[in-house]
Amino acid sequence: VPMFALVIEFMGWRRKEKRFDRLAHEMARLLPPAFSITAILGAMMAILLFTLYPRFMGYLTDIMGPTMWVYPFFFIAETFSLYFYYYSWNQLQGNKKWIHLLLGLALNIFGTAILFTADSWATFMMTPGGVDEVGNLTSLYNAVWNPGWMPLNIHRLVANITLGALLAGAYAAYRFIAAEREEDRAFYDWMGYTGNLIALFTMLFLPFVGYYF
């Protein structure tokens, strides 16, 4: 969602069209609740992993330890970027719009870094690299950049854009039904159309990046 919200916001800024800015802002409304749910579920599942599979997680920590120290930094940076990006929307308008766009760019960079970091752990389990025949670490670089890492990064980026766009479309459908003014109904109809258009376009690439993976 931050990816296409930022692109739409940038289009509105360049074209000086308020409706694009409103569209990006409406899509960004999905971010705070989604982020909170993700953080809660992620913490619960991390506790389950370390308690149910202590030996396995101990081994994975021995291999990927440095990246697991970096991960919380990216998460904290993304958290600050997200809330500053969303809650400063109305304050950073006009000549200050470029500052807001930079916050959105930072949000996307840190979020992508989080995705790439976690993907290295997942793909190490499927296509391990950087270890010898008995599983001892020989190269952290090769353990991270294992054969499946970049294909999964690409696949998840495309899939997450598709999912985010469909969520935006579903949110727009709900707001369309609840809207009382014809002007609002027209806006949310356009928002739903835009979300579905993005989702269908990116979904076309999913089979190909899936085969690549």
> What's the verdict on side-chain contact (heavy atoms from CB on, under 4.5 Å) for Leu166 and Met203, showing C-alpha distance, side-chain angles and the deciding distance?
Replying inline: CA-CA 10 Å; Leu166 288 172; Met203 197 183 292; 4.2 Å; yes
> Nearest 0.5 Å, what's the CZ-CG distance between Arg14 and Leu101?
Replying inline: 10.5 Å
> Are the side chains of Gln93 and Asp21 in touch, meaning some heavy atoms are under 4.5 Å apart?
Replying inline: yes
> For Ala5 and Ala24, which heavy atoms make the closest approach, and how far apart are they?
Replying inline: O-CB, 3.3 Å
>> When you compare the side chain of Met3 with that of Ile161, does any pair of heavy atoms fall below 4.5 Å?
In response: yes
> Should Asp184 and Arg175 count as an ion pair when the cut-off is N to O under 4.0 Å?
Replying inline: no
> Does the ring centre of Phe74 sit less than 6.0 Å away from the ring centre of Phe116?
Replying inline: no
> Is the distance between the ring centroids of His155 and Tyr212 less than 6.0 Å?
Replying inline: no
> If you measure only the distance, is there a donor-acceptor pair under 3.5 Å linking the side chains of Gln91 and His100?
Replying inline: no
> Looking at CG of Leu49 and CE of Met57, how far apart are the two atoms once the value is rounded to the nearest 0.5 Å?
Replying inline: 5.0 Å
> Do Phe176 and Met191 come close enough that some side-chain heavy atom pair is under 4.5 Å?
Replying inline: no
> Hey, is CG on Asn95 packed in by over 12 heavy atoms from elsewhere, all under 6.0 Å?
Replying inline: no
> Do Thr117 and Thr67 get their side chains close enough for a donor-acceptor pair, meaning under 3.5 Å?
Replying inline: no
> Does the separation of the ring centres of Tyr86 and His25 fall below 6.0 angstrom?
Replying inline: yes
> Considering all heavy atoms of both residues, which atom of Ser88 and which atom of Leu103 are nearest to each other, and what is their separation?
Replying inline: OG-CD1, 3.8 Å
>> Could you see if Leu204 belongs to whatever hydrophobic cluster contains Leu200? Use Ile, Leu, Val, Met, Phe, Trp, Tyr and a side-chain cutoff under 4.5 Å.
In response: no
> If every non-hydrogen atom of Phe213 is compared with every non-hydrogen atom of Gly148, which pair is closest and at what distance?
Replying inline: CE1-O, 3.6 Å
> Linking I/L/V/M/F/W/Y whenever any side-chain heavy atoms sit under 4.5 Å apart, do Ile40 and Met45 land together?
Replying inline: no
> How about Trp89 and Tyr85: are their ring centres within less than 6.0 Å of each other?
Replying inline: yes
> Passes side-chain contact (heavy atoms from CB on, under 4.5 Å), Asn160 versus Leu115? Steps please.
Replying inline: CA-CA 10 Å; Asn160 285 344; Leu115 182 141; 3.1 Å; yes
> Is the gap between the ring centers of Trp145 and Phe124 under 6.0 Å?
Replying inline: no
> Would you find more than 12 non-hydrogen atoms of other residues, nucleotides or ligands less than 6.0 Å from Phe80 atom CZ?
Replying inline: no
>> Less than 4.5 Å apart, side chain to side chain, heavy atoms only: is that true for Asn146 and Pro128?
In response: no
> Got a salt bridge between Arg185 and Glu180, using NZ or NE/NH1/NH2 to carboxylate O under 4.0 Å?
Replying inline: no
>> Just checking Trp98: does its CH2 atom have more than 12 heavy atoms from other residues, nucleotides or ligands closer to it than 6.0 angstrom?
In response: no
> How long is the span from the CG atom in Leu41 to the OG atom in Ser36, to the nearest 0.5 Å?
Replying inline: 11.0 Å
> Are Phe50 and Ile47 grouped together when hydrophobic residues (ILVMFWY) are joined by side-chain heavy atoms under 4.5 angstrom apart?
Replying inline: no
>> Can you give me the closest heavy-atom contact between Ile63 and Gly135, atom names plus distance?
In response: CD1-O, 3.9 Å
>> Ignoring hydrogens, what is the shortest heavy-atom contact between Ala122 and Leu152? Give both atom names and the distance.
In response: CB-CD2, 4.3 Å
> Mind checking whether Ile198 and Thr162 have side chains closer than 4.5 Å, heavy atoms only?
Replying inline: no
>> Within the 4.5 Å heavy-atom criterion, are Leu137 and Asp62 side-chain neighbours or not?
In response: no
> Is any side-chain heavy atom of Leu6 less than 4.5 Å from a side-chain heavy atom of Pro2?
Replying inline: no
>> Cation-pi check for Phe20 against Arg15: NZ or CZ below 6.0 Å from the six-membered ring centre and within 45 degrees of the axis, yes or no?
In response: yes
> Would a hydrophobic clustering, with Ile, Leu, Val, Met, Phe, Trp and Tyr connected at side-chain separations under 4.5 Å, put Trp149 with Tyr71?
Replying inline: yes
> So if you build clusters from Ile, Leu, Val, Met, Phe, Trp, Tyr with side-chain heavy-atom gaps below 4.5 Å, do Met11 and Val1 land together?
Replying inline: yes
> Can you check whether Asp119 reaches Met150 side chain to side chain, under 4.5 Å on heavy atoms?
Replying inline: no
> From Leu157 CG over to Phe205 CZ, what is the distance, rounded to the nearest 0.5 angstrom?
Replying inline: 13.5 Å
> Can Thr138 and Asp132 be counted as having a side-chain donor-acceptor contact under 3.5 angstrom?
Replying inline: no
> Centre of Tyr171's six-membered ring, under 6.0 Å away, within 45 degrees of the axis: is that where NZ or CZ of Arg29 sits?
Replying inline: no
> Which heavy-atom pair separates Trp13 from Gly94 by the least distance, and what is that distance?
Replying inline: NE1-O, 4.4 Å
> Atom CZ of Phe187 and atom CG of Leu23: how far apart are they, to the nearest 0.5 Å?
Replying inline: 5.0 Å
> At what distance, to the nearest 0.5 angstrom, does CG of Leu197 lie from CZ of Phe4?
Replying inline: 11.5 Å
